[in-house]
Novice: 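Got a structure here, written out as C-alpha cells. Questions coming.
We're numbering straight along the sequence, starting at 1.
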Amino acid sequence: MRLILDTDIGNGIIGANTDDGLALGLILASKEIKLEMISTVSGNVQAKIAYSVAKNLLEKLNLNIPLYLGANETLCEDSNFWRQRLDNSAKNFNLTHLWDEIRPIKILDNITPNACLKMGELITKYPNEISICAIGPLTNIAMAMRLFENFDTNVKEIFIMGGSFDMPYYTKDTNFGFDPEAANIVLNSKAKITLVPYNATMQTLLTHKDLNSLKDQNPLCNFLVQTLKVWIDYASKTRGTNGTWIHDALTIAYMIDPSLASFEEYFVDVICDSSLARGNSIRCLKDAKMNLVNSYKKTTIKVLNDVDNDKLLKLIKTRLSNGICYENYKNITG
C-alpha cells in the first residue's frame, strides 16, 4: 500500500499525545506499507512543531521520506480555544516535570507550508494508487480537495481517526472539533473512507508492561519507549487509566489487518453551526427507517465498532521489534 500520512505528531513535546509517533513507527515497520510522504497539520501541537518532531525523528532513523509543513490555522474555527486547552494541559495539571528527562528538540521556522499542494500533486499524478491516513484534523485534506479537481475520486482511500458516537462524556473529539468545516468537507466528498472513532479507539489500551517489552530492541523502539512512557504516566494521572489509548495506532493497524475490528456502514457528518453541538459527529445507518441525511449525500462510510485489543498489541509488538523496513525506502529522496 502506498500511503501519505497526515499527522499532528508531538512525541517529546510537553503535554502532547504520543500516539502519532506510535502510528508512524508501525507504518515504518510494516512491509505492506510504503510511506510516500508525511504532511503535518495543527491539532495536537502546532503544525511547525509537528514538522520539527517528524524531521528530528526521520534524521535519527536515517530516513529521507518527503516531509511537508501543512496548515497552521483551521478553515473557520477559532484556534485560540484549542491551543489554550492543548498547549497548556500539562502546566495546568502541574505535570510538566514528567518531561524533564526528554531533551527538547529545535523548533524549525521559515518552512514553506506547501503540504496540501504536494499532497494534491501526488494524488493527481498517481490516481487510485495512493491512500491517505489522517490522524490529526482534516484541514490539509479539505484544502487539497478544494484546490485539486477530482482529488476525492483520485485518492484510493482515506483512513481517518476522528469522530465520537454514543459517548456522553466524549461528545466531541479533538480532530473533528478542532476543524469542523474541514471534517465536513472530507466526510461529504466522494472519497472511499474508513473512519476510526473514539468509541472504537477507547477500547484499546497500551500499558507500561506492554511498552517495556519493546525496550532496547532498536532505535525506533527506543524513541517510542522514551516518549510513550512519559505520556502513559501523564494519562494515568489525569485520566485515571492504567495506560494510554492508542487511537492512531489502531487506525494504522486496521489498514494492515482488518480482522482487528468489526465495522458498520453509515452516513456520517459533522455539525458546523454555532450551537453547542458544533464539532460533534453524527451518523445514520444506510438503511435507517427515517433517514435524516441530506439527499445529496450518497456515499456511506465504513465506521469501526468493536476492537480486539490483545490482537492489536500483538501486531504492534511484533512489527516494532523487527525494526524499520528500510528496503521500502531505499529509493525515496526528499
Novice: To the closest 0.5 Å, what do you measure between CG (N62) and NZ (K60)?
Specialist: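 Atom-to-atom, N62:CG and K60:NZ are 14.0 Å apart.
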
Novice: Does L122 belong to the same Ile/Leu/Val/Met/Phe/Trp/Tyr cluster as F148, with side-chain heavy atoms less than 4.5 Å apart forming each link?
Specialist: yes

Novice: For atom CZ of R85, is the number of surrounding heavy atoms from other residues, nucleotides or ligands below 6.0 Å larger than 12?
Specialist: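 Incorrect, the count does not exceed 12.
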
Novice: Locate the shortest heavy-atom distance separating L26 from L320; write the atom from each residue and the value.
Specialist: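 Nearest heavy atoms, L26 then L320: N-CD2, 3.9 Å.
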
Novice: Is the shortest heavy-atom distance from the side chain of D233 to the side chain of V230 under 4.5 Å?
Specialist: no

Novice: Are I38 and L58 packed together at the side-chain level, in the sense that at least one heavy-atom pair is separated by less than 4.5 angstrom?
Specialist: yes

Novice: Would you check if W231 and D19 make a side-chain contact, meaning some heavy-atom pair closer than 4.5 Å?
Specialist: no

Novice: Check the orientation of F93 and Y234. Use parallel for under 30°, tilted for 30 to 60°, and perpendicular for over 60°.
Specialist: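 Plane angle over 60°, so perpendicular.
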
Novice: After noting the C-alpha distance and the side-chain angles of L69 and T112, does the key distance pass the side chain to side chain contact (heavy atoms under 4.5 Å, CB included) rule?
Specialist: CA-CA 7 Å; L69 175 66; T112 302; over 6 Å; no

Novice: Give every donor-acceptor pair under 3.5 Å between a side-chain atom in residues 131-140 and any protein atom, sequence neighbours left out.
Specialist:
| residue | atom | partner | partner atom | Å |
| --- | --- | --- | --- | --- |
| T139 | OG1 | D179 | OD2 | 2.7 |
| N140 | OD1 | A71 | N | 2.8 |
| N140 | ND2 | D6 | OD1 | 2.9 |
| N140 | ND2 | T40 | O | 3.1 |

Novice: Shared ILVMFWY cluster between L304 and M202, side chains joined below 4.5 angstrom?
Specialist: yes

Novice: So F165 and Y266, would you call those rings parallel, tilted or perpendicular, with 30° and 60° as cut-offs?
Specialist: parallel

